[in-house]
> 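What follows is a single structure, and I will ask about it in a moment.
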Amino acid sequence: MVTIKQVETKNDLKKFIRFNYELYKDNKYSVPDLYEDMLNTFSEKNAAMEFCEAAYFLAYKENKIVGRVAAIINKKANKTWNLKTVRFGWIDFIDDEEVSKALLDKVEEWGKQRGMETIQGPLGFTDMDAEGMLIEGFEELSTMATIYNYPYYPQHMEKHGFEKDADWIEMLMTVPRETGIPERLSRIAEIVMKKYDLRIKKYTSASKIAKDYGQEIFKVINEAFKPLFGYSELSQRQIDQYVKMYLPILDLKLVSLITEANGRLVAVGISMPSMSRALQKAKGKLTPFGWWHLLKALKFKKPKTLDLMLVGVLPEYQSKGVNSILFYDLLPIYISEGYEYVETNPELEENNKVQQQWIYFERRQHKRRRCFKKAIR
């Protein structure tokens, strides 16, 4: 028999976070979240709590934890998309259909009590959290920003009556170290820069980029992502939080800003060295020595793969070749720094605008992930 208990204490929350680490501790493809980040994510420190309601649940069987799930209502997203949806996120369970059903039933029950009509996930509080259940690519190394799960997860979802809501795909691209930046890419980028009088802006100081463009970077992201599946606009508090959290740790050579002649930001591309192996070595914790593995990956012994974290272009500049300028700037840096591969973040399968920008690269689609949905009974 499965028992579901709500997380109520700090000790419960510790168990909730650590369950994922225990379930995947021997898996060579899974990348653990940073424990300290997860504590903040599930607390009132998370700026998304301004417009989200959440509860966290643990599944027990024979007095042993066998699953976990977060139930989330993003009120802003529901209003934007005219939905009454409860999200499930951070779902993990052993290969036992009774366990997965009990967890999902609990989210349904919790949502129904609050007037929700559908259940949807895996999704986080916002699009800045990992989302989508892996359905292809189980033998590919995960990334810091995405979910890894065992192949039996989507089988359970279908068994419990869930259907596809949306799919994301991920691409692994080869850096053209031998041939250099493609001639066609250079030609298009130079034409587009001249036609629209655009400039490439680079920084060496984290405090200076934060002061000049910290707010604008995430405003561009808001505008670029606004039409995309389930997106909820970042609040001012969230933007402030992300500027403070992320800009100081970036290698600014790997950040490209495209502006108009007057300095107005129109596009941003942010990449960083893959932290996957470092997080595995750190076992998801900064202390006592996990910080060293992360620092080494960022500063000293860099991996061969880059994660393309964010690419955003203002809607008025989309489909005009502006993306080519980002890679016109970044590719020579990737080559000179010795990177061999670039891995994209998840992109919606029907987002042709994004996928068109990879035509210059040797590439393969290596992962697919899915958001599931079901009407609440």
Side-chain angles (χ1 to χ4, degrees), residues 20 30 33 41 48 51-54 56-57 67-93 100-101 103-108 110-112 116-138 140 142-143 145-171 221 224-234 310 344-355 365-377:
N20 175 270
S30 176
D33 294 311
T41 296
F51 50 86
C52 289
E53 184 179 356
Y56 318 117
F57 301 98
R68 69 168 190 175
V69 72
I72 301 164
I73 297 174
N74 181 322
K75 298 171 186 175
K76 185 186 288 187
N78 278 353
K79 183 178 180 181
T80 299
W81 298 93
N82 193 27
L83 297 171
K84 292 183 178 178
T85 294
V86 58
R87 301 175 168 199
F88 65 89
W90 288 278
I91 186 167
D92 287 300
F93 45 84
S100 55
K101 185 176 188 304
L103 288 166
L104 292 162
D105 283 352
K106 188 64 182 179
V107 176
E108 281 194 44
W110 185 87
K112 188 175 182 178
M116 300 299 105
E117 296 174 354
T118 56
I119 176 174
Q120 177 190 52
L123 294 170
F125 294 97
T126 72
D127 289 70
M128 297 297 111
D129 299 312
E131 55 191 6
M133 184 175 287
L134 195 66
I135 62 170
E136 295 174 10
F138 299 107
E140 302 282 352
S142 191
T143 68
T146 59
I147 296 167
Y148 183 84
N149 54 263
Y150 290 120
Y152 63 79
Y153 278 43
Q155 296 169 11
H156 283 227
M157 300 304 298
E158 291 169 5
K159 184 81 172 181
H160 301 319
F162 283 80
E163 59 185 23
K164 173 183 173 179
D165 198 3
D167 273 13
W168 295 268
I169 60 173
E170 293 166 55
M171 310 292 289
I221 296 300
F225 287 18
K226 189 183 291 184
L228 300 182
F229 172 82
Y231 188 72
S232 64
E233 190 173 344
L234 298 174
L310 286 172
T344 71
N345 257 357
E347 51 201 39
L348 288 162
E349 64 177 344
E350 70 273 14
N351 192 344
N352 295 322
K353 288 180 182 178
V354 170
Q355 286 154 35
Q365 179 195 320
H366 65 315
K367 296 174 192 170
R368 178 181 289 267
R369 55 187 69 248
R370 178 163 294 171
C371 177
F372 291 89
K373 67 178 179 180
K374 189 174 82 165
I376 292 177
R377 294 163 294 182

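Below, each value reflects all heavy atoms present in this structure, side chains not excepted, and no hydrogens, waters or symmetry copies.
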> For Arg87, what residues pass the side-chain hydrogen bond (donor to acceptor under 3.5 Å, both in side chains) criterion, not counting sequence neighbours?
none
> With sequence neighbours excluded, tell me which residues meet salt bridge (Lys or Arg N to Asp or Glu O under 4.0 Å) with Lys373.
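Expected list: Asp165.
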> Please list, chain by chain and in numerical order, all residues satisfying ring pair (Phe, Tyr, Trp, His ring centres under 6.0 Å) with Tyr150, sequence neighbours excluded.
Tyr24, Tyr152
> Take a 6.0 Å sphere around NZ of Lys76 and say whether it holds more than 12 heavy atoms from other residues, nucleotides or ligands.
yes
> Under the side-chain hydrogen bond (donor to acceptor under 3.5 Å, both in side chains) rule, collect the residues that match up with Glu140, sequence neighbours excluded.
Arg364
> Within the structure provided, determine whether Arg369 and Ile147 are in side-chain contact (heavy-atom separation under 4.5 Å).
yes
> Who are the side chain to side chain contact (heavy atoms under 4.5 Å, CB included) partners of Glu136, not counting sequence neighbours?
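Listed in chain order: Gln365, Arg368.
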> Tyr56: what forms a ring pair (Phe, Tyr, Trp, His ring centres under 6.0 Å) with it, not counting sequence neighbours?
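If we apply the ring pair (Phe, Tyr, Trp, His ring centres under 6.0 Å) test to Tyr56, skipping adjacent residues, the hits are Phe16, Phe42.
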> Apply ring pair (Phe, Tyr, Trp, His ring centres under 6.0 Å) to Trp90 and Phe57, showing your working.
CA-CA 10 Å; Trp90 288 278; Phe57 301 98; over 10 Å; no
> My understanding is that only residues two or more places apart in sequence, or in another chain, count here; which of them pass side chain to side chain contact (heavy atoms under 4.5 Å, CB included) with Glu117?
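With sequence neighbours excluded, Glu117 shows a side chain to side chain contact (heavy atoms under 4.5 Å, CB included) to Lys84, given in chain and number order.
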> Does Lys226 qualify as a cation-pi partner of Tyr231, given the criterion of NZ or CZ under 6.0 Å from the six-membered ring centre and within 45 degrees of its axis?
no
> Check Ile72 against Leu123 and note the closest heavy-atom contact, atom names and distance.
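Heavy atoms only, the tightest pair is CD1-O, 4.1 Å.
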> Would you give the length of the straight line joining atom OG1 of Thr146 to atom CG of Asp129, rounded to the nearest 0.5 angstrom?
13.0 Å
> For Glu170, does its backbone N or O pair with a side-chain atom of His366 as donor and acceptor, under 3.5 Å?
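Looks like yes, one N/O pair under 3.5 Å.
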> Would you check if Ile91 and Leu104 make a side-chain contact, meaning some heavy-atom pair closer than 4.5 Å?
yes
> Not counting sequence neighbours, which residues clear side chain to side chain contact (heavy atoms under 4.5 Å, CB included) with Lys159? List them please.
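With neighbours one apart ignored, the set is Glu97.
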> Using side chain to side chain contact (heavy atoms under 4.5 Å, CB included) as the criterion, list what pairs up with Asn78, not counting sequence neighbours.
Ile73, Leu83, Thr85, Met116
> Side chains of Asp105 and Arg377, heavy atoms from C-beta outward: is any pair under 4.5 Å?
yes
> Flag the pair Lys374 and Glu163 as a salt bridge only when some basic side-chain nitrogen lies within less than 4.0 angstrom of an acidic carboxylate oxygen.
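Judged by the 4.0 Å cut-off on N to carboxylate O distance, Lys374 and Glu163 do not form a salt bridge.
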> Side chains of Tyr153 and Ile135: closer than 4.5 Å at any heavy-atom pair?
no
> Once side-chain hydrogen bond (donor to acceptor under 3.5 Å, both in side chains) is applied, do any residues pair with Thr126, and if so which ones, sequence neighbours excluded?
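side-chain hydrogen bond (donor to acceptor under 3.5 Å, both in side chains) list for Thr126, sorted by chain: empty.
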> Can you list the residues that meet the ring pair (Phe, Tyr, Trp, His ring centres under 6.0 Å) rule with Phe372, with sequence neighbours excluded?
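Once residues adjacent in sequence are excluded, Phe372 has no partner under the ring pair (Phe, Tyr, Trp, His ring centres under 6.0 Å) criterion.
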> Suppose we screen for side-chain hydrogen bond (donor to acceptor under 3.5 Å, both in side chains). Which residues come up paired with Lys79, at least two apart in sequence or across chains?
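Here no residue qualifies.
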